[in-house]
Colleague: 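Quick one: the structure is below, and I'll ask about it shortly.
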Amino acid sequence: MKYRVIKGTKDILPVETAAWQHVESVVRRTMHLFGYREIRTPIFEQTGLFARSIGELTDIVSKEMYSFLDRSKESVTLRPEGTAAALRAYIENSLGEQSPLTKLYYIGPMFRQERPQAGRLRQFHQFGAEAIGSPSPLIDVEMMLLAVEIYRSLGIDKFSLKINSVGCEQCRPRYKEILIAALKNIESQLSPDSRMRIDQNPLRVLDSKDEHDRLLTAGAPLIKDYLCGDCKKHFETLISLLDSLALPYEVDGRLVRGLDYYTKTAFEISSAMLGSQDALAGGGRYDLLVEELGGKRTPGIGFAAGIERLMMVLEKSGTHSFTVPPPDLFFVALDDHARRWSFGKTYELRRSGISAEIDYLARSIKAQMREANRQSARYVLVVGEAELASRTGKLKNMKTGEETEVTLDALNIPR
RNA sequence: GUGGCCAUAGUUCAGUUGGUUAGAACGCCAGGUUGUGGCCCUGGAGGUCGUGGGUUCAACUCCCACUGGUCACCCCA
């Protein structure tokens, strides 16, 4: 084969697009229900935007970005996530000046140059929401409800919502020192990966997949016990809200998000039906990010969800099988004259909203009937010399096999 | 970036200790019905056995490299 898709990318074929469109429409409907409006930003941006927002030291920025120099030697990057661009657009277009709270959603492709595996692609698709302007835990909860509602609307109810607080610029540095001190004590027993993480990103050590690491850190200090007054209150309110709504959740003191910009609330929705990459959606609060990107100091929160992983869950739970509606009428034409007449009629019917189809290969009647059957056409009309002469024909119901006499010039296809 | 497994028709897969015309099912095309689909019967098309090298009288089969896929680690949606 001469050309093939680039590693880690995939064609979404006609058999799958109906399911994708269904998911997209549920996403849009739910977003609108919750008062979020769509924003469409370019799929590439100045490299600095991502480096600045996501964090230079994160894996995404340090080794996974699709960056290249354009013809004017400017470094541009295919977006690895959606929040940075949404906030750039928010600031650039002064959306915050028009109303104090801006609620946005997006849906589209993202790019990260990682080694592909189950549930991980180099071009993948996400939908996500951002609420910019409110520091209230109410909006944190709305964000979780929004994500959960989308999954439920799609018939997915086996997932778990994990929440944590990662603190703020006040309490996180203090906690980090305490954690590093604790980790240094057991450093020699930790896995090589975790040993490196102590300096790079100590919080990561806590959610290591290495079983020995987990045992060793069982009693390690957790950030939720070291939150400052403000963060603590925020987290407690959040929890009481979730309790009052009877939204099942689990506090996971080891939950860490991979992007630097999160403050206070962090959450993740994961599915046991997926493989090793089990996160369906992840999000959190980013109270410093707007300012970091050059806007006014404005609190915000958002989440992003992977569509491919969602599709995997739908497929595994057997709730899929979406199809486009079949043709209402298939013309079987027996000669050139009939073909021309049927072709014209097809167009006429389509213009009046009836989905009509015709054979384009001048095949035998048997082959045309087979084609009509393959396409699951609801009705078939055989057109030959006799029909054109009498201006009447037999409309065949393909399900029952029964035929009824019709006049060609006033074709009426039963619903 | 590291590691395991895999690579044969359009698809899912067989292929004996290496042995001469590489098979099946499904799908596709045609006929059985010179104007009627679905089921059935008959026939047909379709493969540089991922690529390159090596061993051998002989390689789909053994060895090496590469490419691609897949799963896992790192990390994440």
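Order of the sequence lines fixes the chain letters, A, B, ..., with proteins taken first and strands second; residue numbering starts at 1 for each chain.
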Colleague: For B:A65 and B:C71, measure between their P atoms and round to the nearest Å.
Modeller: 24 Å

Colleague: Rounded to the nearest 0.5 Å, what separates atom CG in A:Leu101 from atom OG1 in A:Thr298?
Modeller: 11.0 Å

Colleague: If only side-chain N and O atoms count, and only distance matters, is there a donor-acceptor pair under 3.5 Å linking A:Arg254 with A:Thr217?
Modeller: yes

Colleague: For the side chain of A:Gln277, starting at C-beta, report the closest nucleotide among B:C28, B:C75, B:C71.
Modeller: B:C75

Colleague: Would you find more than 12 non-hydrogen atoms of other residues, nucleotides or ligands less than 6.0 Å from A:Glu250 atom CD?
Modeller: yes

Colleague: Among B:C73, B:C29, B:C75, find the nucleotide with the atom closest to the side chain of A:Asp193.
Modeller: B:C73

Colleague: Base, sugar-phosphate alone, or nothing: which one does A:Gly128 contact when heavy atoms must sit under 4.0 Å apart?
Modeller: nothing

Colleague: Looking for any heavy atom pair under 4.0 Å, which part of the strands does A:Lys396 touch: base, sugar-phosphate only, or nothing?
Modeller: base

Colleague: From the set B:G37, B:G35, B:C74, return the single nucleotide nearest to any side-chain atom of A:Leu334.
Modeller: B:G35

Colleague: Under 4.0 angstrom, heavy atoms only, what part of the nucleic acid is A:Arg204 near: base, sugar-phosphate, or nothing?
Modeller: sugar-phosphate

Colleague: Is the phosphate of B:G1, meaning OP1 or OP2, less than 4.0 Å from a side-chain N or O of A:Lys63?
Modeller: no

Colleague: Can a donor-acceptor pair under 3.5 Å be found between the side-chain atoms of A:Asn373 and the base atoms of B:G38?
Modeller: no

Colleague: Please report the distance separating the C1' of B:G68 from the corresponding atom of B:C75, rounded so that it comes out in whole Å.
Modeller: 24 Å

Colleague: Under the rule syn = chi within 90° of 0, otherwise anti, which is B:G54?
Modeller: anti

Colleague: Using Watson-Crick or G-U wobble geometry with both distances below 3.5 Å, tell me the partner of B:G43, or none.
Modeller: B:C29

Colleague: What's the gap between B:G38 and B:A59 when it is taken at their C1' atoms, as a whole Å value?
Modeller: 46 Å

Colleague: Given the structure, check if the side chain of A:Glu403 and the base of B:U36 hold any donor-acceptor pair shorter than 3.5 Å.
Modeller: yes

Colleague: Counting side-chain heavy atoms from C-beta on, which of B:G35, B:A77, B:G37 comes nearest to A:Arg309?
Modeller: B:A77

Colleague: B:G68, B:C74, B:C75: which one has an atom nearest the side-chain heavy atoms of A:Glu114?
Modeller: B:C75

Colleague: In the strands shown, is B:U2 matched to any nucleotide by a Watson-Crick or G-U wobble pair with both distances under 3.5 Å, and which?
Modeller: B:A72

Colleague: Could you check whether A:Ser194 and A:Arg197, counting side-chain N and O atoms only, form a donor-acceptor pair closer than 3.5 Å?
Modeller: yes

Colleague: Just checking A:Ala118: base, sugar-phosphate only, or nothing, at a heavy-atom cut-off of under 4.0 Å?
Modeller: sugar-phosphate

Colleague: Is the closest side-chain donor-acceptor distance between A:Gln170 and A:Tyr175 under 3.5 Å?
Modeller: no

Colleague: What distance separates A:Arg79 CZ from A:Gln126 CD, expressed to the nearest 0.5 Å?
Modeller: 8.5 Å

Colleague: Nearest to the side chain of A:Arg374 - B:C28, B:G37, B:A30?
Modeller: B:C28

Colleague: Which part of the nucleic acid, if any, lies within reach of A:Ala386 when heavy atoms closer than 4.0 Å are counted: base, sugar-phosphate only, or nothing?
Modeller: base

Colleague: When the P atoms of B:C66 and B:G4 are considered, how many whole Å apart are they?
Modeller: 13 Å

Colleague: OP1 or OP2 of B:C75 sitting under 4.0 Å from any side-chain N/O of A:Arg257?
Modeller: no

Colleague: Strictly below 4.0 Å: does A:Ser276 bring a side-chain N or O up to OP1 or OP2 of B:C71?
Modeller: no

Colleague: Please report the distance, rounded to the nearest Å, between CZ in A:Phe267 and P in B:A77.
Modeller: 11 Å

Colleague: Could you measure the distance from the CD1 atom of A:Ile150 to the CG atom of A:Leu145? Nearest 0.5 Å is fine.
Modeller: 11.5 Å

Colleague: Which whole number of Å gives the distance between the C1' atom of B:A9 and that of B:A22?
Modeller: 10 Å

Colleague: So what does A:Glu387 touch, heavy atoms closer than 4.0 Å: a base, only the sugar-phosphate, or nothing?
Modeller: base

Colleague: Classify the ring geometry between A:Tyr151 and A:Phe127 as parallel (under 30°), tilted (30 to 60°) or perpendicular (over 60°).
Modeller: tilted

Colleague: Write down the protein N/O and nucleotide N/O pairs, taken from nucleotides 3-6 of chain B, whose separation is under 3.5 Å; answer none if there are no such pairs.
Modeller:
none

Colleague: Please report, rounded to the nearest Å, how far the C1' atom of B:C29 is from the CE atom of A:Met369.
Modeller: 18 Å

Colleague: Can you tell me if A:Glu130 and A:Tyr286 form a side-chain donor-acceptor pair at under 3.5 Å?
Modeller: yes

Colleague: Partner lookup for B:U16, please. Criteria are Watson-Crick or G-U wobble with both distances under 3.5 angstrom; report none if nothing qualifies.
Modeller: none

Colleague: How many whole angstroms separate atom NZ of A:Lys7 from atom P of B:C71?
Modeller: 12 Å

Colleague: What's the gap between B:G10 and B:U42 when it is taken at their C1' atoms, as a whole Å value?
Modeller: 23 Å

Colleague: Given B:G37, is OP1 or OP2 found less than 4.0 Å from the side-chain N or O atoms of A:Lys366?
Modeller: no

Colleague: Name the pairing partner of B:A9, where a pair is Watson-Crick or G-U wobble with both distances under 3.5 Å, or state none.
Modeller: none

Colleague: Tell me which nucleotide among B:G37, B:A77, B:C74 gets nearest to the side chain of A:Gln126.
Modeller: B:A77

Colleague: Given that A:Ala367 and A:Arg112 both sit by RNA chain B, which one's nearest nucleotide is further toward the 5' end?
Modeller: A:Ala367

Colleague: Want to settle it: does A:Gly8 or A:Gly119 sit nearer the 5' end of RNA chain B, counting the closest nucleotide to each?
Modeller: A:Gly8

Colleague: Tell me whether the OP1 or OP2 atom of B:C71 has a side-chain N or O from A:Gln117 closer than 4.0 Å.
Modeller: no

Colleague: With both distances under 3.5 angstrom, what nucleotide forms a Watson-Crick or G-U wobble pair with B:G35?
Modeller: none

Colleague: So, A:Ser271 versus A:Lys316: side-chain donor-acceptor pair below 3.5 Å or not?
Modeller: no

Colleague: Please give the distance between the P atoms of B:C13 and B:A58 as a whole number of Å.
Modeller: 33 Å

Colleague: Looking at every strand, decide which applies to A:Leu280 at a 4.0 Å heavy-atom threshold: base, sugar-phosphate, or nothing.
Modeller: sugar-phosphate

Colleague: Measuring only the C1' atom in each nucleotide, how far is B:U2 from B:C74? A whole number of Å is fine.
Modeller: 9 Å

Colleague: Could you check which nucleotide pairs with B:C62 in any of the strands shown, counting Watson-Crick or G-U wobble with both distances under 3.5 Å?
Modeller: B:G54

Colleague: Of all the nucleotides listed (B:C74, B:C29, B:G35), which has the minimum atom distance to the side chain of A:Arg197?
Modeller: B:C74

Colleague: First locate atom CD of A:Glu81, then atom CZ of A:Phe50, and finally report the distance between them rounded to the nearest 0.5 Å.
Modeller: 7.0 Å

